[in-house]
Amino acid sequence: MEISTMAQAMQLHARLLKSGRPEDQTHFQNLSKLFTFSALSPSGNLTYARHILTTLKTPNSYYYNTMIRAYSDSPDPTRSITLFLDMHCREEEERVVPDPDKFTYPFVLKACAKLRHTQLGKQIHGLILKMGFMSDRYVNNALIHMYSGCGDSGHALKVFDEMSERDVVSWTSVIDGFVDNDRPIEAIKLFDNMMDSGVDPNEATLVSVLRGCADTGALSIGEKVHNFVKERKLNGKANVGTALIDMYAKCGCIDNARWIFNEMMDKDVYAWTAMISGLASHGLLEEAMEHFEKMKSCSIKPDERTMTAVLSACRNAGWIGKGLYHLRSMKKYKLRPTIQHYGCIVDTFVRAGQLDEAEKYIRKMPIDPDVVLWRTLLWGCKIHGDVERSERLVKDVELLKMDSRDCGSYILLGNVYAATGNWKEKAKMRELMNQRGLVKTPGSSRIEIDGLIHEFTAGDSRHFEAENIYAKLDEMEQNVRREGYDPKVSEVLLEIDNDEKASQLLHHSEKLALSFGLIKTNPGTVIRIVKNLRSCEDCHSFMKLISKLYQREIIIRDRIRYHYFKGGECSCGDRW
DNA sequence: GTTAGGCTGG
């Protein structure tokens with residue numbers, strides 16, 4: 001009997017129970033079939049599968065493994081771990097519980113990865129060693145995934161290094177882990193090694209390395225991967241297409257992103273979202289919204305990420321009304337707004353200088369605001385010089401206690417004081433940070449030249465050309481001060497990851513090192529601003545600097561995010 | 001019978 005619905009499965013189960021012939025071979029086959037359907041099919045029912053499992057007198061490991069697998073893929077993977085512990089400790093009496101085998105471990109490790117349960121993952125690793133499963137490729141790959149998922153790429157790499165035979169999944173898992181753990185350069189390096197060692201990448205590998213390129217702004221490597229994709233005729237794959245759209249958009253090539261998108265046959269919500277958010281980040285806000293409408297007219301339902309992209313387009317355009325409208329519309333799609341969505345709205349208020357509204361909005365939000373959200377408002381205080389509000393916020397909300405490990409709020413509050421010339425208070429903040437032993441994480445930036453990625457950290461002088469770079473930067477700074485520009489530097493790939501980095505970039509001498517990196521002539525100018533250039537003030541100085549350097553105002557205007565310009569007037573009302 | 005894999009972020 002074929003099973004395609006849960007109702008059929010339950011009917012069959014009832015018949016089997018009635019027939020009373022459990023010794024029959026077909027009985028076993030049918031039972032296993034309906035169990036597998038209940039546990040693994042998308043229309044299955046986990047509770048029912050669990051029920052079947054409990055009724056079995058002598059369940060074999062297949063049943064347990066399948067159940068653990070189903071739980072590890074479910075929204076609540078803890079159940080997978082509980083069941084594994086049952087197996088491991090044989091807690092159920094009166095029943096023979098099978099021992100875990102080589103199939104069990106990959107599933108339970110996946111659950112650990114999902115839960116980011118490093119401790120348990122390590123213990124299970126120990127068990128695997130003890131039980132002698134370390135020679136199994138699947139188990140090893142699952143260990144790599146577990147460590148990567150728990151944010152421990154170091155251990156993932158260790159497992160990988162010690163494997164006797166690695167396959168494409170091993171390579172991909174470790175590469176993907178590096179990307180997820182914010183180490184995209186190592187991911188790209190590993191991809192190179194992989195190609196050198198003759199392992200053939202598949203679409204999963206290409207997707208991972210493209211994500212790494214997107215994070216680094218490594219355009220020429222991304223292009224190479226794109227060529228490889230074409231060679232292998234993998235263009236048609238939805239996931240590869242989406243990764244390409246995203247990579248091109250994040251590397252500043254919105255035209256290429258558009259092209260890939262238009263060529264895609266079946267555009268799903270992922271592809272649309274990648275396109276919409278790419279357009280939004282390139283300041284093509286009307287076009288982003290048109291795409292959103294088009295997507296809906298193709299009967300594709302937006303997901304949370306789509307809505308984030310839409311709301312950030314509204315924010316970048318300064319459309320408060322539209323933003324609120326789209327936030328409310330989420331209900332229609334059965335989506336519950338998350339803190340990011342509310343954050344976009346708050347940021348829209350902040351950018352428009354409506355700090356009261358922003359604060360009111362935060363206080364009446366249906367979910368608890370977090371540090372980052374409060375900081376958005378605090379940042380607004382800095383731009384608009386609202387010291388009174390910022391001090392009150394820090395006291396009321398206990399901002400400094402909210403993120404004990406992170407020093408972002410201290411720095412921001414320090415900046416608020418600095419912006420109003422209150423150097424005494426700023427120094428106090430610095431002192432407070434020192435007292436509490438908080439270390440400022442330096443901003444960093446990456447630049448890709450001829451396929452080679454250089455990473456710069458503020459104040460760092462370890463680069464092999466550091467001396468030349470700093471000398472050149474000084475020279476450039478002098479030039480800029482004299483309102484000149486340096487035609488020798490023709491390629492800039494700039495990445496500003498967060499507020500702190502943005503302000504660092506503009507307020508310290510290292511700022512130029514971060515933004516201009518190597519001094520090398522290269523055809524074509526690519527200016528990429530990945531994330532926040534938050535305050536108008538920052539924008540202004542940055543714009544001026546870059547325009548003078550490159551005399552390429554148009555590029556800048558196209559790329560800039562978070563500010564909207566009308567006739568030379570910025571959203572905050574400043575002229576520049 | 002297993003393992004990796006696309007879009008979001010204040």
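Note on naming: letters A, B, ... go to the chains in the order of the sequence lines (proteins, then strands), and numbering restarts at 1 for each one.
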Could you work out, with ring pair (Phe, Tyr, Trp, His ring centres under 6.0 Å) as the rule, every residue matching A:F103, not counting sequence neighbours? none
Let me have the donor-acceptor pairs involving side chains of residues 330-339 of chain A, under 3.5 Å, with sequence neighbours excluded, atom names and distances please.
from, atom 1, to, atom 2, distance (Å)
A:T338, OG1, A:Q340, N, 3.4
A:T338, OG1, A:Q340, OE1, 2.8
A:T338, OG1, A:H341, ND1, 3.0

Could you work out, with side chain to side chain donor-acceptor pair (under 3.5 Å) as the rule, every residue matching A:N193, not counting sequence neighbours? none
Quick one: list whatever passes salt bridge (charged side-chain N to carboxylate O under 4.0 Å, His left out) with A:R232, sequence neighbours left out. A:D200
What are the residues of residues 323-339 of chain A, sorted by number, that bring a heavy atom to within less than 4.0 Å of DNA chain B? A:I339
Qualifying residues under side chain to side chain donor-acceptor pair (under 3.5 Å), relative to A:S41, sequence neighbours excluded: A:S43
Under the side chain to side chain donor-acceptor pair (under 3.5 Å) test, residues paired with A:Y48 that sit two or more places apart: A:H13
Of all pairs that satisfy side chain to side chain donor-acceptor pair (under 3.5 Å), the ones with a partner from residues 258-274 of chain A, not counting sequence neighbours: A:D255-A:R258, A:R258-A:E287, A:T273-A:T306
Side chain of A:K250, heavy atoms from C-beta onward: which of B:dC7, B:dT8, B:dG10 has the nearest atom to it? B:dT8
Report the distance from atom CH2 of A:W272 to atom C1' of B:dT8, rounded to the nearest whole Å. 18 Å
Heavy-atom protein contacts under 4.0 Å, nucleotides 1-6 of chain B, coded B base, S sugar-phosphate only, - none: BBBBBB
To the nearest angstrom, how far is A:M307 atom CE from B:dG10 atom C1'? 16 Å
Below 4.0 angstrom, N of the basic side chain to O of the carboxylate: do A:D167 and A:R137 qualify? yes
Results of salt bridge (charged side-chain N to carboxylate O under 4.0 Å, His left out) for A:D73 - residues two or more places apart only: A:K110
Gap between atoms CG and C1', on A:L210 and B:dC7 respectively (whole Å): 13 Å
Within residues 30-43 of chain A: residues closer than 4.0 Å to DNA chain B (heavy atoms): none
Which residues share a side chain to side chain donor-acceptor pair (under 3.5 Å) with A:N140, sequence neighbours left out: none
